[in-house]
Amino acid sequence: MSLRVYNTLTNKKEDLEPVTPGKIGMYLCGPTVYKPSHIGHMVGPVIFDVVKRHLVYCGYDVTFVVNVTDIDDKLIVEAAKRDMTVAALAEEMTADYMNNLSAMGIDTIDHFPRATDNMQNIIDFISGLIEKGYAYESDGDVYFDVGKDAEYGKLSNRRPDDMQGEGGGTATRKRSPLDFALWKSAKPGEPTWESPWAPGRPGWHIECSAMSKALLGETFDFHGGGLDLVFPHHENEVAQSECLHGKPQANYWLHNGLMQAPDEVGKLGGRNTRTREEGEDDGQLVGDQDAQEAGKMGKSKGASAFSALLERHPAEAIRLLLISTHYRSPILFSEDEIRASAERLETFYRFFKRYERVTGDSFYELPLNENRDAGDKHLAGASNEATDFAGMFEELSALRQNFLARMDDDFNTAAAIGNLYEALGVLNRFIEEQKLEGAGKTNDAAQAALRNATITFRELAGILGLFRQPPQSASGANDEFVDQLMQLLIQIRADARKAKNFDLADTVRNQLTEIGVTLEDRADGTTWELKR
RNA sequence: GGCGCCGUAGCCAAGUGGUAAGGCGGCGGAUUGCAAAUCCGCUAUUCGCCGGUUCGAAUCCGGCCGGCGCCUCCA
């Protein structure tokens, strides 16, 4: 087994060779905490959460760092607008970010360094660059001298000659328009930190160079972020770090595709609109609603608060949507797409309930194989125990190999999800073939095999961060009072059916369907489910 | 203008030289009093268009059309 990753630096897939055998250091550029996070802020964390899970599964010891930029022009402006301190604003928005990460089940991040906690590291870094002649002070500001870096442009594949650089108010203090600020002297009223130059604050790019060095060393393995950060942010980071250290900052640069904002979807979607008009008969109203919704979101560029999105959609549906496309591709995002994703999830949830009916055990209580060796051993052992079911285990094993091979090849989550669906088919088919469902059906050997096979399924889903915890159930589903009422209705209908009064039975069922309750009749009774 | 990405079924989406994964939806069958759920089968002779390389191309090359991103501190 060898892992391959696509490296923005070389524009190629490369074999993974860690700096230190068995260990991986990864750094992801986090948010500037001046506003509540939106969906786009979750893309990187979800993807790299899966990356880390897969690496850990493969036996690596992984350190995952996500920084928080808590001092920046945008914070200063927003804090002034809201008449609060920059620190208080940063605190509020950092908490929002953390809540969202945790709602998304992202619990793999080891460090969240903040810029304001790293001032000495940043200042030392800048001093080092000045000493080596790569940076210069000008009027209390410090700038990186792009002209001194012969390799500048190698990450984003641009030549300095082709770039325009930023002009603006600081242009006169810079030797070249391409030079960028490492330290900005403060204007009156702005938060400041003492420095060898003027009191002020760090530039954005230098924070990441200093913090990644502090936590992961001068050269580490993965550096990630959105594609929009390749230039200038990451280009500048590379320049700073490599000029100071004389060695690579990160060996592999991984960049995720960006969210396609709803207003852009609208633009693309001449296509969407057309098919809708030509398509469904009842599409009229739906289409109008969608258009309205898209328009609303368009105004805010789809940047509505992520916490609000979480009130409308299950976190797991959002996670599935984000990993259903290869991480380097743009992700089509809309409320409809999330709903579709939630629908896809139902197939799995229904199996988990079925598993519970058949075995009496909760899917979520099954042991979770956290690494590849344990998974190999489990499956080999299970299949040896159950020679009668060799066919099923062979199928499952092939799917597992395929799943892992796809994950090994640049974290192809979208393809791997396909294997998950196929594995689900194997499990459901097994239940059918072995007739494990129904009152009084027991077959200990088959049940044990089902349990073992399901453990393997859970292991694979776990790599994607799926189905590790029970999902939040739809409102009402857990309410005991509601369930008692439902049992009453189910009893009435059962009596009607026994008396062959199917009109009454169907009336009960159809009316329930209309208010969003689905009934399922089984050999051993009727179950109900709330669908919203 | 410079750098780069994308165009695969009604929709979403894998696949970067060996004969089109998977999901949603749809159709047919098993099952069911009828449904729901589940299982089985079918649902792209073809990958924006045109040309080229090759025994062989969705995949490589050239051109064209259409969409998108970055080149101003957005993940």
Side-chain angles (χ1 to χ4, degrees), chain A residues 8 11 13 28-32 37-48 66 69 72-74 153 156-159 161-168 180-181 184 203-205 207 224-233 235-236 255-260 264 267-268 270-272 275-276 278-280 301 303 320-321 324-326 328-332 336-337 339-341 343-347 350-351 353-354 402 406 412-422 424-425 428-433 437 497 500 502 505-506 509-510 513 518-523 526-529:
Chain A
T8 306
N11 281 315
K13 270 188 206 171
L28 173 68
C29 288
T32 299
S37 29
H38 61 265
I39 176 78
H41 291 119
M42 292 297 125
V43 179
V46 166
I47 287 163
F48 285 89
V66 176
T69 297
D72 177 89
D73 291 0
K74 282 188 252 177
S156 55
N157 192 24
R158 299 153 202 253
R159 291 190 317 256
D161 309 344
D162 295 333
M163 299 180 208
Q164 293 151 13
E166 60 177 307
F180 53 90
K184 301 173 170 185
W204 178 37
H205 315 301
E207 295 170 13
L227 268 168
D228 54 342
L229 294 186
V230 174
F231 189 90
H233 184 54
E235 190 68 63
N236 291 353
H255 289 103
N256 59 266
L258 305 180
M259 212 86 221
Q260 200 98 327
E264 285 160 353
K267 259 192 273 168
L268 281 176
R271 170 175 101 186
N272 288 349
T275 43
R276 194 162 278 131
E278 289 169 359
E280 313 129 66
K301 276 227 142 196
L320 181 66
L321 177 60
S324 288
T325 299
H326 187 95
R328 262 183 287 111
S329 304
I331 301 166
L332 209 55
D336 275 350
E337 291 295 333
R339 274 190 283 271
S341 177
E343 204 51 50
R344 297 207 291 152
L345 237 25
E346 288 300 325
T347 312
R350 275 188 232 108
F351 168 76
K353 286 182 188 160
R354 189 181 200 190
N402 202 221
R406 287 164 156 180
N412 194 341
T413 52
I417 289 168
N419 294 127
L420 231 41
Y421 277 97
E422 292 178 291
L424 193 69
N428 270 321
R429 206 174 306 134
F430 186 73
I431 293 175
E432 297 280 313
E433 284 167 1
E437 210 163 22
R497 289 176 72 205
K500 303 250 190 268
F502 294 122
D506 290 349
R509 189 180 61 202
N510 294 341
T513 303
T518 306
L519 295 185
E520 295 183 18
D521 294 330
R522 303 178 195 292
T526 298
T527 60
W528 70 277
E529 208 177 339

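Source: prediction; values computed, not measured. Proteins get letters first, then strands, A, B, ... in listed order; numbering begins at 1 in each.
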Query raised in the report: Once you round it to whole Å, what is the distance between C1' of G69(B) and CG of Asp228(A)?
Result: 9 Å
Report task. Measure from the side-chain heavy atoms of Phe231(A) and tell me the nearest of A21(B), C70(B), C74(B). Result -> C70(B)
Query raised in the report: NA contact type, Leu227(A), heavy-atom cut-off 4.0 Å: base, sugar-phosphate, or nothing?
Result: nothing
Report summary line: What one should report as the nearest heavy-atom pair of Ala414(A) and Ser324(A) is CB-O, 3.2 Å
Query - Steps toward side-chain contact (heavy atoms from CB on, under 4.5 Å) verdict (Thr69(A), Lys74(A)) - result: CA-CA 10 Å; Thr69(A) 297; Lys74(A) 282 188 252 177; over 6 Å; no
**Report entry** RNA chain B: 5'-proximal contact among Gly425(A) and Thr325(A) (nearest heavy atom)
**Finding:** Thr325(A)
Report task. Indicate, with a heavy-atom threshold strictly under 4.0 Å, whether Pro232(A) touches base, sugar-phosphate, or nothing. Result -> sugar-phosphate
Query raised in the report: Within the structure shown, what part of the strands sits under 4.0 Å from Gly224(A) by heavy-atom distance: base, sugar-phosphate, or nothing?
Result: nothing
Query - Separation between CG of Leu321(A) and CG of Leu345(A), rounded to the nearest 0.5 Å - result: 11.0 Å
Report task. Classify the nucleic acid contact of Thr32(A) as base, sugar-phosphate or nothing, counting any heavy atom under 4.0 Å across all strands shown. Result -> sugar-phosphate
Query raised in the report: Any side-chain N or O of Asn157(A) less than 4.0 Å from the OP1 or OP2 oxygen of G4(B)?
Result: yes
Query raised in the report: Taking the side chain of Leu332(A) as its heavy atoms from C-beta onward, which of A75(B), C73(B), C12(B) lies nearest to it?
Result: C12(B)
Query - Dot-bracket notation for RNA chain B, counting Watson-Crick and G-U pairs under 3.5 Å, with | for partners on another strand - result: ((((((((.[[[..)..(...]]]((((((.......))))))....[[[[[..)....]]]]])))))))....
Query raised in the report: Reckon Glu433(A) touches a base, only the sugar-phosphate, or nothing at all at heavy-atom distances under 4.0 Å?
Result: nothing
Report task. Verify side-chain contact (heavy atoms from CB on, under 4.5 Å) between Thr325(A) and Leu332(A), making sure each step is shown before the conclusion. Result -> CA-CA 9 Å; Thr325(A) 299; Leu332(A) 209 55; over 6 Å; no
Report summary line: Against the side chain of Asp506(A), the closest entry in C34(B), A13(B), C12(B) is C34(B)
Query raised in the report: Looking across every strand, which nucleic acid part, if any, lies under 4.0 Å from Arg328(A) by heavy atom: base, sugar-phosphate, or nothing?
Result: nothing
Query raised in the report: If you find the nucleotide of RNA chain B closest to Ala416(A) and the one closest to Ala505(A), which residue's nucleotide is nearer the 5' end?
Result: Ala416(A)
Report task. Could you measure between the two P atoms, the one in G63(B) and the one in C3(B), and give it in whole Å? Result -> 13 Å
Query raised in the report: Which pair of heavy atoms, one from Leu28(A) and one from Gly44(A), lies closest together, and at what distance?
Result: CD2-C, 3.7 Å
**Report entry** Lys/Arg N to Asp/Glu carboxylate O, Glu529(A) vs Lys353(A), below 4.0 Å
**Finding:** yes
Report summary line: Taking every heavy atom of Gly153(A) against every heavy atom of Glu235(A), the minimum-distance pair comes out as N-OE2, 2.9 Å
Requested in this report: Using a heavy-atom cut-off of under 4.0 Å over every strand shown, decide if His255(A) touches base, sugar-phosphate, or nothing.
Outcome: nothing
Report summary line: To the nearest angstrom, the CZ-C1' distance between Arg339(A) and C11(B) comes to 15 Å
Report summary line: Among A75(B), G33(B), C71(B), the one nearest any side-chain atom of Arg158(A) is C71(B)
**Report entry** Derivation of the side-chain contact (heavy atoms from CB on, under 4.5 Å) call for Lys184(A) and Asp73(A)
**Finding:** CA-CA 10 Å; Lys184(A) 301 173 170 185; Asp73(A) 291 0; 3.5 Å; yes
Query raised in the report: Angle class for the His205(A)/His233(A) ring planes (parallel below 30°, perpendicular above 60°, tilted otherwise)?
Result: tilted
Requested in this report: Would you mind classifying the nucleic acid contact of Gly40(A) as base, sugar-phosphate or nothing, using non-hydrogen atoms under 4.0 angstrom?
Outcome: base
Report task. Determine, stepwise, if the pair Asn236(A) / Trp204(A) fulfils side-chain contact (heavy atoms from CB on, under 4.5 Å). Result -> CA-CA 10 Å; Asn236(A) 291 353; Trp204(A) 178 37; over 6 Å; no
Query - Distance, rounded to the nearest Å, where Leu258(A) contributes CG and C68(B) contributes C1' - result: 10 Å
Report task. Quickly work out the His326(A) NE2 to C6(B) P distance and round it to whole Å. Result -> 11 Å
Query raised in the report: What's the closest nucleotide to the Asp72(A) side chain, out of C73(B), A75(B), U38(B)?
Result: C73(B)
Requested in this report: Write down the distance separating the C1' atoms in U8(B) and A44(B), rounded off to the nearest Å.
Outcome: 8 Å
Report summary line: From CD of Glu422(A) across to P of G15(B) the rounded distance in Å is 15 Å
Report task. Sticking with atom P, work out how far U38(B) lies from U59(B), rounded to a whole angstrom. Result -> 37 Å
Requested in this report: Round to a whole Å and report the spacing from CZ of Arg497(A) to C1' of U32(B).
Outcome: 8 Å
Query - Side-chain N or O of Asn412(A) closer than 4.0 Å to phosphate OP1/OP2 of G15(B) - result: yes
Query raised in the report: Are Arg429(A) and U38(B) close enough that a side-chain N or O sits under 4.0 Å from OP1 or OP2?
Result: no
Requested in this report: Could you encode protein contacts along nucleotides 24-30 of chain B as a string, one character per nucleotide from 5' to 3', using B for base contact, S for sugar-phosphate-only contact and - for no contact, with a heavy-atom cut-off of under 4.0 Å?
Outcome: S------
Report summary line: Closest non-hydrogen atoms of Gly225(A) and Leu229(A), given as atom of the first, atom of the second and distance, are CA-CD1, 4.4 Å
Query - Exam field: side chain Thr513(A) to backbone Arg509(A), donor-acceptor pair closer than 3.5 Å - result: yes
**Report entry** Distance between C1' atoms of G69(B) and C74(B) (Å, rounded)
**Finding:** 12 Å
Report task. Send over the distance from Asn236(A) CG to C70(B) P, rounded to a whole Å. Result -> 17 Å
Report task. Please tell me which of the listed nucleotides, C12(B), A36(B), A35(B), lies nearest to the side chain of Arg509(A)? Result -> A35(B)
Query - Gap in Å between the two P atoms, one belonging to C34(B) and one to G29(B), rounded - result: 13 Å
Query raised in the report: If we take the C1' atom in both A14(B) and A9(B), what is their distance in whole Å?
Result: 14 Å
Query - Side chain of Asn428(A) - closest among A21(B), A75(B), C39(B) - result: C39(B)
Query raised in the report: Quick one: Glu346(A) CD to A37(B) P, roughly how many Å, whole number?
Result: 11 Å
Query - C1' gap between A35(B) and U31(B), integer Å - result: 12 Å
Query - Nucleotide nearest Trp204(A) (side chain, heavy atoms from C-beta), chosen from A14(B), C73(B), C70(B) - result: C73(B)
Query raised in the report: Counting any heavy atom closer than 4.0 Å, what does Asp521(A) reach on the DNA or RNA strands: base, sugar-phosphate only, or nothing?
Result: base
Requested in this report: Write down the distance separating the P atoms in G41(B) and A75(B), rounded off to the nearest Å.
Outcome: 48 Å
Query raised in the report: OP1 or OP2 of C74(B) less than 4.0 angstrom from a side-chain nitrogen or oxygen of Lys74(A), does that happen here?
Result: yes
Query raised in the report: Closest heavy-atom contact between Arg406(A) and Ala415(A)?
Result: NH1-O, 3.1 Å
